[in-house]
Amino acid sequence: METPEDIPLEELGRRVSAARAATEARGETFYQGASRVHLAAFPPRERWDDWVELSSRAWPAREERHYMLVPTTCFNCESACGLLAYVDRQTGQVRKFEGNPEHPGSRGRNCAKGPATINQVTDPDRILYPMKRSGPRGSGRWERVSWDEALDALAARIRAAITQNRRNEIMVHLGRPGEDGYTERVLASWGVDGHNSHTNVCSSGGRTGFQFWMGIDRPSPDHAHAKVIYLISAHLESGHYFNPHAQRITQARANGAKVIVLDTRLSNTATHADYWLSPQPGSEAAINLAIANHLIQTRGYDRDFVRRWWNWAEYLTACHPDVPVTFEAFEEILAGLYADFTFGFAAAESGIDASVLAEVASVVAGAGSRFACHSWRSAAAGNLGGWQVSRTLFLISALLGAVATEGGTFPNAWNKFVPRPIHVPPHPGVWQELSWPLEYPLAQNEMSFLLPHFLKDGRGKLDTYFIRVYNPVWTNPDGLSWMEVLCDEDKVGCFVALTPTWSESAWFADYVLPMGHGSERHDTHSYEQYDGQWVGFRQPVLRAARTRLGEPVTDTRQVNPGEVWEENEFWTELSWRIDPDGSLGIRQYHESRAHPGSKLTVDEYYGWMFANSVPGLPERAAAEGLSPLEWMRRYGAFEITRGQGAQHEQEVPAAELADLHVSPAGRVYTSAGPAPSANIVPAGAPAPDEAGRRAAGVMVDGVVRRGFPTPSGRLEFWSSTLAAWGWPEHALPGYIRSHVHPSRLAADQVVLLSTFRLPTQIHTRSANAKWLDELAHTNPVWIHPADAARFGIGRTGDLVRVETEIGHFVAKAWITEGIRPGVIACSHHMGRWRLDAGPRGAGGMMATVGLRQGDDSWRMERRAPAGPYSSADPDSRRIWWNDTGVHQNLTFSVHPDPISGMHCWHQAVRVGPAAPGDRHGDIAVDTGRAHEVYRQWLRRARPAGQVSPDGTRRPRWLMRPLKPAAEAFVIPAAGPGT
Ligand code: SF4
């Protein structure tokens, strides 16, 4: 039978016109389509209560389906794009997810992973009920328990830890947070410094470079208006905020913008670039500095911007006391500082022709203040000193004056909005040494990936350890060391996995508690995706639909499948059970304000937030006769402002400047109360002066302006913090040779680039989305033909053995010119596994493996590949692939950068044909050797006990997701690691 897909579009149009003419000739009304809206347009919001589409399955019969469209937010990466759930009014179930055109960040568009949310919701392998382990850890034996049983058991443990002053034995470890501050608020209410994150295996390197410049750790490029876009990573396909950014980069390209991409691998992004530079991994900062040097030597920089906004005077005073503190003297010194970073030098480091670098530099110079840039994971996450990649990148922006300009790059806090919650507990009075050890006083985030080694070293233990959207055994380097400590009940007393799906880590948990996907839970979030501020609302869509129909829902479990819950209600319930009578002071932060003595509901929590701390939303909602919560439940996102502009230039009103004090460096302090600010994004908080006055601004040409939240109030070309905390040699933007610099490689070693994402997968979360699995399910090793010949690897598909410093893995080769010679690459998104006895997990993506241990060495062997299986979803019988790649991260040891704390992912490896008996997916690891490598890297650190200038653990002004009280910053008399 002919289907519409068989008919050319022109022919289809001709037939429709003919049908219309024939129908009207008969005096009948032509059927104009179910919703009478052009199919290329989004459903208009007026019709979201009853949107009509024809059933595709009933075609050619015109069977109408009626939907209520309910917004929520995608949870499949950090971009938080808007989704619209199509809730079938007849069945009451979600039929599909498409884009939410009312969302200001994503503007109705999604990548493949957004609509695939429906796969996750209907996943036949998902966890529907609370489970408790019934055999030894890792035995795969479980029994179903009630939520009450699980909650009571956990509450009793946590209450005991708190009352027995073992607060540091409670930890909640987050992968993708997907919300702004909810978990931190819960932990603060318990008085626990127990927040742990995945950030030091993700973006800390990138953040650190921006933080030392701006006091704010993320860039917010205004891609849409840029003349030149400079990307270090694959931003168009999988980089940070990639769908919202990609559509704006595409917009800029259509307007003539040039795109420069630094990526050793030929990514999809690189194929769209005007200039693709494939540098030797770790040389990116040298390229940035050569471009900066070109701007300096040619006087191609914005002199007035540099004069007004860089802390050059502070730098001269501290580092060149013998020269006059004048801008001209600084310019003279600046001209010498980077003179060695010639195109020739950068060419030698990077392997890219000097003439190409010179051409790129002239393109950059032509951008002026319309230079948008971004660097996030990629090189900053791969290399020792990778944080200097983003610090040197921002040097280019700062030279061009392209900071908070149209088409330039903003500090993210100006394009992000975090509403104040109904209750704000005080900062906890304790310090978690397992996450924030003294060796890493400047670490951007928790030293999460060192946790197994700290536990093995006896630095502490955990009584109750939660993971949430996090799979530490799989995600981190050295996952078998994680497995060893998670199986040791003396080190981790109770291990709780809050998760929608089974994972390599959940299999070792004591409790596995089912949590909702993006359409089954509440969160708020806001991200820097253009020059504006918005707040998005993730919500359980069936709860919102039923509420709209007048059916009250009081607990999200009433609408979710099985007994799947959401964390917000879970944390409230758990907090009440920890402190049932309120005597611990915890319950007060989880109580209703409207009905004192009763539990805070999610409706009151978000209703209060939207009514009281999102400017403009109450008025907008009232105009439509809705409460702010009703408005957000109906449309899903609210744009607060657009065109934030250069906030650092704002003059501080005299009324905010009582008892004014100006430091020699121009920092302005005041004893007036807190600055009025609608935006409470946690940025760096500059320290008060000796008299306790707060930093209010900075004196620029005799005017007090808001400035930046750095110690100096200016952009910090020279970091007084790095200088004072033991790293004066890296206080300026500079170049640190990577641990995989060619000079550090043996003759037979190459660099393994292991950090890249696949566009249609997202870490471990998407393995339960069948559409995505069909699109991408394996991770061959990219090898250049010249290297393949050198290593004796004949063809694509041949097995190769890749040897790291602690073991090896066996994978398939992909011989391609898309990678530079001397470098191999393998995506970290693949190689999912399950143990023989364990639950199925993600049926289409997990191979069944056997694990054998001998002393410190482990071997993993594949027992059965993924393949078709029977389930409630008939598609699971149609799985046609069985190659699901290899779990390379298991074979990596930890590499903590001594400054940023970032794990430096790149590996120096040896590659060769597989050995006799090797099979695809095989892994060998020596965890004893892994512990030795950890100790080697630990020796690079400069502990706070040796370098702290004031006896504290960490500069107070640096960010921390959950900041303890001031007294907890003081180093105890004889603390560990001193
Ligand atoms: S970019 Fe894709 S995965 Fe990420 S939030 Fe948007 S739709 Fe979801």
Side-chain angles (χ1 to χ4, degrees), residues 42 69-86 94 96-121 123 175-180 198 202-203 218 220-221 223-224 231 233-251 267-269 272 374 376-377 416 469 500-501 516-530 534-539 541 636-637 756-776 827-829:
F42 294 103
L69 306 191
V70 184
T72 189
T73 305
C74 181
F75 202 5
N76 282 336
C77 85
E78 71 285 1
S79 301
C81 298
L83 291 176
L84 272 186
Y86 283 58
V94 180
K96 61 177 176 176
F97 292 92
E98 293 194 356
N100 177 4
E102 297 294 314
H103 195 290
S106 55
R107 304 187 290 193
R109 299 158 195 175
N110 299 108
C111 77
K113 302 192 288 291
T117 301
I118 191 68
N119 295 164
Q120 295 165 308
V121 170
D123 163 29
R176 171 61 40 214
E179 40 93 357
D180 271 327
H198 75 292
C202 178
S203 56
R218 296 183 185 203
S220 174
H223 286 310
L231 304 170
S233 174
H235 279 72
L236 271 165
E237 60 178 300
S238 58
H240 206 47
Y241 304 139
F242 82 92
N243 164 46
H245 276 180
Q247 57 181 269
R248 291 172 170 87
I249 294 170
T250 304
Q251 200 177 325
S267 61
N268 293 346
T269 303
H272 285 66
H374 209 306
W376 200 236
R377 302 178 189 97
K416 176 178 169 76
V469 197
T501 55
H517 289 291
S519 59
E520 299 167 340
R521 50 179 298 116
H522 288 92
D523 297 301
T524 53
H525 32 253
S526 173
Y527 298 117
E528 59 283 0
Q529 297 173 347
Y530 62 96
W534 54 266
V535 171
F537 190 34
R538 181 176 291 128
Q539 62 176 341
V541 294
F756 68 95
R757 283 179 171 182
L758 297 169
T760 50
Q761 291 284 1
I762 186 74
H763 307 305
T764 58
R765 298 209 287 298
S766 53
N768 291 68
K770 62 186 178 185
W771 298 340
L772 305 178
D773 297 347
E774 184 165 24
L775 287 169
S827 167
H828 64 278
H829 274 165

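Order of listing sets the numbers, starting from 1, for every ligand and every atom in it.
Among the atoms of Cys111, an N, O or S atom falls under 2.8 Å from atom 2 (Fe) of ligand 1. When distances to atom 6 (Fe) of ligand 1 are checked against a cut-off of 2.8 Å, Cys77 contributes no N, O or S atom below that limit.
Near Asn110, the atoms of ligand 1 lying under 4.0 angstrom from a non-hydrogen atom of the residue are 7 (S). Of all atoms in ligand 1, listed by their number and element, those nearer than 4.0 Å to a heavy atom of Cys74 are 3 (S), 5 (S), 7 (S), 8 (Fe). Near Lys113, with a cut-off below 4.0 Å to any heavy atom, the atoms of ligand 1 are 3 (S). Every atom of ligand 1 is numbered from 1 in the order shown, and the set under 4.0 Å from a heavy atom of Ala80 is 5 (S). Residue-ligand proximity, Asn76 to ligand 1, at heavy-atom distances under 4.0 Å covers atoms 3 (S). Close approach of ligand 1 to Gly114 (heavy-atom distance below 4.0 Å) involves ligand atoms 7 (S).
The cationic atom of Arg765 (NZ for Lys, CZ for Arg) lies less than 6.0 Å from the six-membered ring centre of Phe75 and within 45° of the ring axis.
A donor-acceptor pair under 3.5 Å is formed between the side chain of Thr269 and the backbone N or O of Glu237.
Using the six-membered ring where Trp is involved, Tyr527 and His525 have ring planes that are parallel, under 30° apart on the 30 and 60° scheme.
In this structure, atom 1 (S) of ligand 1 lies nearest to the protein heavy atom Asn243 CB, 3.4 Å. The single protein non-hydrogen atom nearest to atom 6 (Fe) of ligand 1 is Cys81 SG, 2.3 Å, given as residue, atom name and distance.
Among the candidates Gln539, Arg538, Arg521, Glu179, the single residue satisfying the side-chain contact (heavy atoms from CB on, under 4.5 Å) test with Thr73 is Arg538.
Within the 6.0 Å centre-distance limit, the rings of Trp534 and His103 are counted as a close aromatic pair. The ring of His763 has its center closer than 6.0 angstrom to the ring center of His828. For an aromatic pair to be called close, the ring centres must be under 6.0 Å apart, and His245 with His240 fails this.
The proximity of Phe75 to ligand 1, defined as any non-hydrogen pair under 4.0 Å, does not occur for either the backbone or the side chain.
Salt-bridge formation is not detected for the pair Arg248/Glu528: no Lys NZ or Arg NE/NH1/NH2 atom is positioned less than 4.0 Å from an Asp or Glu carboxylate oxygen.
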